[in-house]
Undergrad: 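Sending over a structure as structure tokens; questions will come in a sec.
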Amino acid sequence: MTTTPQTYIPRHIGIVMDGNGRWAKARHRPRSFGHNAGRKAVREVVEGCLRQGVEALTLFAFSSENWKRPEEEVGALLDLFVRALDKEVDELDQNGVRLRFIGDLDAFDKPLQQRMLAAMKRTAGNVKLQMNIAVNYGGRWDVVQAARKLATAVARGDMQVDAIDEAEFDRWTSLGELPPLDLFIRTGGDRRVSNFLLWQLAYAELYFTDTLWPDFNQISLQHAINDFARRERRFGRTGDQVAQA
Ligand code: IPE
Ligand code: IPE
Ligand code: MG
């Protein structure tokens, strides 16, 4: 498999891992079968990111809206997180992956919260790949929680209102410490953001594929990265200006 020259590698990739249910339905299996099959795709993407030197990977695993699904499916998903956590953390740790869970974690039961915290703590020193799993996450929630923390700091007298600018605000969002989001990928054919990283999407390149998440692999990731490498990112400038720079 080829690799892309380092300069064109996105530093931070975010993925809406969609299509598990349809993948399972096509096989006359329950939706949870599709979610389970999606684990392999996660491993593939992590491996691909490690190979290519992508610095950060943020995966949308469970949105704040996904609680609306049938209780049975929500239960199966949470169960899958627990099992995946127990099984995969060792290998992620050995591969130098730092794991973070982003989202409103308070909604999960205490044992699951503790498992997530333990995994974050255990991998905290790893620097090869910053991997973020968004669970009970919503882009609007992220903006609101950042605003709340800032308001609290101001109310306590720890911060001046004038000190709040875009860079400062960014620091208080869930991905504040990480490189800016370069590439947004959504599998499963739908072309929407579904309340994923709203603030961070401002200048990300968008890539949509019909591939269903369980079928996504390192070659699919390579296609997305190659597509990204061909884009001209102008950030408001003209094409001529970019060519000169
Ligand atoms: C994405 O797959 C996984 C989660 C939202 C947890 P879906 O379950 O949304 O699959 P489709 O979109 O119904 O095929
Ligand atoms: C987005 O997928 C959330 C995750 C992949 C975790 P959904 O399948 O929930 O999105 P909608 O409801 O089709 O917009
Ligand atoms: Mg879906």
Side-chain angles (χ1 to χ4, degrees), residues 12-46 48-49 56-85 87-88 99-109 112-113 115-116 119 131-145 173-175 181 183-201 204-217 220-221 224:
H12 187 169
I13 300 178
I15 308 181
V16 178
M17 310 184 287
D18 197 23
N20 298 349
R22 281 162 283 167
W23 187 90
K25 194 170 182 189
R27 286 160 181 78
H28 309 286
R29 301 297 296 268
R31 295 178 59 85
S32 57
F33 183 71
H35 298 314
N36 207 34
R39 275 170 66 176
K40 184 171 158 281
V42 173
R43 284 196 292 269
E44 287 270 328
V45 164
V46 170
C49 286
L57 171 69
T58 302
L59 301 176
F60 206 6
F62 191 84
S63 76
S64 38
E65 289 74 28
N66 287 146
W67 295 108
K68 294 178 198 156
R69 294 192 177 195
E71 212 177 300
E72 189 192 313
E73 183 172 349
V74 172
L77 274 166
L78 296 184
D79 211 56
L80 179 69
F81 293 152
V82 175
R83 278 183 292 127
L85 250 180
K87 270 194 94 170
E88 314 284 350
L99 198 58
R100 280 194 190 88
F101 292 90
I102 61 165
D104 189 357
L105 305 185
D106 286 338
F108 299 109
D109 66 29
L112 179 51
Q113 284 187 44
R115 272 181 160 103
M116 293 195 249
M131 180 177 179
N132 313 298
I133 317 249
V135 281
N136 191 25
Y137 178 90
R140 288 180 173 171
W141 166 84
D142 200 3
V143 171
V144 169
Q145 69 80 28
T173 63
S174 297
L175 300 177
L181 185 73
L183 176 60
F184 165 97
I185 298 173
R186 183 177 184 134
T187 62
D190 285 313
R191 287 158 193 251
R192 56 177 173 259
V193 172
S194 299
N195 199 18
F196 194 32
L197 306 165
L198 298 180
W199 168 269
Q200 295 83 356
L201 276 166
E205 295 295 326
L206 309 182
Y207 179 87
F208 297 95
T209 169
D210 290 337
T211 302
L212 303 173
W213 179 248
D215 292 327
F216 199 83
N217 58 24
S220 326
L221 179 71

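Below, each value reflects all heavy atoms present in this structure, side chains not excepted, and no hydrogens, waters or symmetry copies. Just so you know, ligand 1 is whichever comes first in the structure, and atom 1 is the first atom listed for that ligand. Numbering starts at 1 and runs along the sequence shown.
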Undergrad: Under 4.0 Å from a heavy atom of R31: which atoms of ligand 1 are those, numbered in the order shown and with their elements?
TA: 7 (P), 8 (O), 10 (O), 11 (P), 13 (O)
Undergrad: Quick one: salt bridge (charged side-chain N to carboxylate O under 4.0 Å, His left out) pairs with a partner in residues 183-194, sequence neighbours left out?
TA: D18-R186, R22-D190, D190-R192
Undergrad: So for atom CD, which belongs to Q113, do other residues, nucleotides or ligands contribute more than 12 heavy atoms lying within a distance under 6.0 Å?
TA: yes
Undergrad: Is W23 close to F33 at the side-chain level, that is, under 4.5 Å between some pair of heavy atoms?
TA: yes
Undergrad: Would you say CZ of R83 has more than 12 non-hydrogen atoms from neighbouring residues, nucleotides or ligands within 6.0 angstrom?
TA: yes
Undergrad: At what distance, to the nearest 0.5 angstrom, does CD of Q200 lie from CG of D142?
TA: 5.5 Å
Undergrad: Please tabulate protein-ligand N/O pairs under 3.5 Å for ligand 2, atom names and distances to 0.1 Å.
TA:
from: ligand 2; atom 1: 8 (O); to: D18; atom 2: OD1; distance (Å): 3.2
from: ligand 2; atom 1: 8 (O); to: R69; atom 2: NH2; distance (Å): 3.2
from: ligand 2; atom 1: 9 (O); to: N66; atom 2: ND2; distance (Å): 2.9
from: ligand 2; atom 1: 9 (O); to: R69; atom 2: NH2; distance (Å): 3.3
from: ligand 2; atom 1: 10 (O); to: R186; atom 2: NH2; distance (Å): 3.4
from: ligand 2; atom 1: 10 (O); to: S194; atom 2: OG; distance (Å): 3.4
from: ligand 2; atom 1: 13 (O); to: R192; atom 2: NH2; distance (Å): 2.7
from: ligand 2; atom 1: 14 (O); to: R192; atom 2: NE; distance (Å): 2.8
from: ligand 2; atom 1: 14 (O); to: S194; atom 2: OG; distance (Å): 2.6

Undergrad: Report the C-alpha separation of R43 and E88 in whole Å, then their side-chain angles, then the decisive distance to 0.1 Å, and conclude whether the salt bridge (Lys or Arg N to Asp or Glu O under 4.0 Å) test is met.
TA: CA-CA 9 Å; R43 284 196 292 269; E88 314 284 350; 2.7 Å; yes
Undergrad: Tell me, do S174 and Q145 make a side-chain contact under 4.5 Å, heavy atoms counted?
TA: yes
Undergrad: Using only N, O or S atoms, tell me which atom of D18 is closest to the Mg ion (ligand 3).
TA: OD1
